[in-house]
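Presented below is the structure to which this report refers.
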Number of protein chains: 2
Amino acid sequence: MYTEDVKQLFKSNNIKNTQQRHMVYSILKSKKQPITTEEIYKIISGKLEKPINLSTVYRILEVFTEKELILKSQIHINGKALYEINHREHRHHLICIKCNKIIPIKGCPLGEYEQILEKQTGYKIIEHNLEIKGICPKCQKR
Amino acid sequence: MYTEDVKQLFKSNNIKNTQQRHMVYSILKSKKQPITTEEIYKIISGKLEKPINLSTVYRILEVFTEKELILKSQIHINGKALYEINHREHRHHLICIKCNKIIPIKGCPLGEYEQILEKQTGYKIIEHNLEIKGICPKCQKR
DNA sequence: GTAACTGCAAACCTTTTGCAGCTTG
DNA sequence: CAAGCTGCAAAAGGTTTGCAGTTAC
């Protein structure tokens, strides 16, 4: 039932290996797009397994985010925060404004821009966040 | 008391010219960085003038956003949405992660990237949102 | 066995809404 | 005067928290 590598991952991050955490992690891992706390909660509740409490999901996501196993997006969709597995590679997303479908984008167009910006502004650049909005092929046809 | 050009702006957008709207607009116009509903509310309350109700501020910001006089940011800071005057030019911001100071950036590094992306993904690109995080010169010295 | 986690219920915080009374054009 | 705002209070929706009981190590 427990996947050995997830167990290891938790161990190396000093995260106690509970069923709930395992379930939440597996769901996040299986998703290619960021999802909300509520979605995770519903997926687990939908399965006939042991149910989970919504506040537990919130707490688990907090722990995962702290340990940087996952990323919490700054962008809120309909007032809800989004979470996704931390692929530990720089990534951006393309969101469909019609159906909210989100796909990851290959590569980052920012390049050396951050260094130029540091010189221009005096700020020490830490990171950036780029979200692109558009209409996906399906929604364009409608 | 009323600024004539704001009055005109409201008129041409079919927005009734009330004291409250005028106050909210003036505050937004005077700010170089995006601010929250609460901040606007506090600024008005702090003045000895006629106070305003928080829900009125929300409603005014909604109207202004609809009419595109202002922009509502997708990024939430501490769970709060941010608003800024619509300069009707493409703009990005640089946020200090220590003090939350926000400055606008000159120019956009995205260039023709959107067209490349359209070909790559099949999405019709509508807009993008870029937020860069760093540490401002003041906070670096501390 | 003990420290840490979960479930539950209540609280919290931002934002929205219904309604009565007031303002603007 | 009529349409549309505002204030107030209450509700809604997402997220957090205190506490008692349970689980992992």
Side-chain angles (χ1 to χ4, degrees), chain A residues 1-4 6-25 27 34-42 44-45 49-67 69-70 72-83 100, chain B residues 1-4 6-25 27 34-42 44-45 49-67 69-70 72-83 100:
Chain A
M1 173 155 189
Y2 280 173
T3 317
E4 207 51 41
V6 177
K7 225 167 158 174
Q8 279 308 318
L9 180 68
F10 284 179
K11 198 166 198 173
S12 63
N13 280 282
N14 278 316
I15 297 175
K16 241 188 204 172
N17 177 35
T18 68
Q19 243 185 87
Q20 291 90 334
R21 286 176 177 177
H22 203 280
M23 284 190 286
V24 170
Y25 190 83
I27 289 167
I35 57 175
T36 63
T37 311
E38 203 194 352
E39 284 175 289
I40 295 170
Y41 170 69
K42 282 188 178 161
I44 297 177
S45 303
E49 303 167 33
K50 192 184 172 190
I52 196 171
N53 192 278
L54 184 56
S55 63
T56 303
V57 180
Y58 274 106
R59 275 193 273 231
I60 289 172
L61 292 173
E62 201 185 340
V63 172
F64 286 178
T65 303
E66 263 168 27
K67 302 285 184 179
L69 262 47
I70 64 174
K72 179 177 186 175
S73 116
Q74 296 279 9
I75 309 270
H76 289 218
I77 300 262
N78 297 329
K80 293 173 210 161
L82 296 168
Y83 298 86
N100 280 339
Chain B
M1 173 155 188
Y2 281 172
T3 317
E4 207 50 42
V6 177
K7 225 167 159 174
Q8 279 308 317
L9 179 68
F10 285 178
K11 198 165 198 174
S12 62
N13 281 282
N14 278 315
I15 297 175
K16 242 187 202 172
N17 177 36
T18 69
Q19 242 185 87
Q20 291 89 333
R21 286 175 176 176
H22 203 280
M23 284 191 285
V24 170
Y25 190 83
I27 289 167
I35 57 175
T36 64
T37 310
E38 203 195 351
E39 284 176 289
I40 295 170
Y41 170 69
K42 281 189 178 161
I44 297 177
S45 302
E49 303 168 33
K50 194 182 171 191
I52 196 171
N53 191 277
L54 184 56
S55 64
T56 303
V57 180
Y58 274 106
R59 275 193 274 232
I60 289 173
L61 292 173
E62 201 186 339
V63 172
F64 286 179
T65 303
E66 261 168 28
K67 302 285 185 180
L69 263 46
I70 63 174
K72 179 177 185 175
S73 114
Q74 296 280 9
I75 309 269
H76 289 218
I77 301 263
N78 298 328
K80 292 172 208 162
L82 296 169
Y83 297 86
N100 280 339

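Order of the sequence lines fixes the chain letters, A, B, ..., with proteins taken first and strands second; residue numbering starts at 1 for each chain.
- Distance Leu54(B) CG to dT6(D) C1': 13 Å, rounded to the nearest Å.
- The closest side-chain heavy-atom distance from Asn78(B) to Thr36(B) is not below 4.5 Å.
- Per the geometry, NE2 belonging to His76(B) stands 13 Å off C1' belonging to dG13(D), to the nearest Å.
- The closest donor-acceptor contact from the side chain of Lys67(B) to the backbone of Asn13(B) lies under 3.5 Å.
- Mapping Asn14(B) and Tyr83(A) onto DNA chain D by nearest heavy atom places Asn14(B) closer to the 5' end of the strand.
- In this structure, His22(A) contributes its side chain and Thr3(A) its backbone to a donor-acceptor pair below 3.5 Å.
- At least one side-chain nitrogen or oxygen of Tyr58(B) sits closer than 4.0 Å to the OP1 or OP2 atom of dT15(C).
- Rounded to 10 degrees, the angle between the two end axes of the helix from dG1(C)-dC25(D) to dG25(C)-dC1(D) is 40°, with five pairs used at each end.
- With dT6(D), dA24(D), dG14(D) as the choices, the nucleotide that has an atom nearest any side-chain atom of Lys80(A) turns out to be dG14(D).
- Atom pair Glu38(A):CD and dG13(D):P shows a separation of 10 Å (rounding to whole Å applied).
- Of all nucleotides listed (dT15(D), dC5(C), dT6(D)), dT6(D) comes nearest to the side chain of Ile60(B).
- The OG atom of Ser73(A) sits 9.5 Å away from atom NE2 of His76(B), with the distance rounded to the nearest 0.5 Å.
- For Ser55(A) against dC8(C), a side-chain N or O and a base N or O form a donor-acceptor pair under 3.5 Å.
- Spacing between atom CG of Asn17(B) and atom P of dT6(D) amounts to 11 Å, rounded to whole angstrom units.
- The CD atom of Gln20(A) sits 6.0 Å away from the CD1 atom of Ile60(A) when rounded to the nearest 0.5 Å.
- One can place NZ of Lys7(A) at 11 Å from C1' of dC25(D), the figure rounded to the nearest angstrom.
- Of the candidates dG7(C), dG14(D), dT15(C), dT15(C) carries the atom nearest the Ala81(B) side chain, counting heavy atoms from C-beta on.
- Set against dT15(D), dT6(C), dC5(D), the side chain of Thr18(B) has dC5(D) as its closest nucleotide.
- Not a single donor-acceptor pair, N or O on each side, falls under 3.5 Å between the base of dG4(D) and the side chain of Arg59(B).
- Dashed line: the shortest gap from a side-chain N or O of Gln20(A) to OP1 or OP2 of dG7(C) is under 4.0 Å.
- If you check dC5(C), dG7(D), dC8(C) against the side chain of Arg21(A), the one that comes closest is dC5(C).
- We find that OH of Tyr41(A) is positioned 14 Å from C1' of dT15(D), with the value rounded to whole Å.
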For nucleotides 1-3 of chain D, give me every protein contact, N/O to N/O, under 3.5 Å, one pair per line with atom names.
{"residue": "dA3(D)", "atom": "N3", "partner": "Lys16(B)", "partner atom": "NZ", "Å": "3.4"}

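- Between Glu66(B) atom CD and dC5(D) atom P there is a gap of 10 Å when expressed in whole angstrom units.
- If you take CD1 on Ile77(A) and CG on Asn100(A), they are separated by 5.0 Å, rounding to the nearest 0.5 Å.
- For residues 55-64 of chain B, the set of pairs meeting the side chain to side chain donor-acceptor pair (under 3.5 Å) definition, not counting sequence neighbours, comprises Asn53(B)-Ser55(B).
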Before you tell me yes or no, could you show the steps for Val57(B) and Ile52(B) under side chain to side chain contact (heavy atoms under 4.5 Å, CB included), namely the whole-Å CA-CA distance, both residues' side-chain angles and the distance that decides it to 0.1 Å?
CA-CA 7 Å; Val57(B) 180; Ile52(B) 196 171; 3.9 Å; yes
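- Counting to the nearest Å, the P atom of dT14(C) and the NZ atom of Lys42(B) are 9 Å from each other.
- Two residues are said to be in side-chain contact when any heavy atoms from C-beta on lie closer than 4.5 Å; Lys7(A) and Glu4(A) meet this criterion.
- Ring planes of Tyr25(B) and Phe64(B): perpendicular class, angle over 60° (limits at 30 and 60°).
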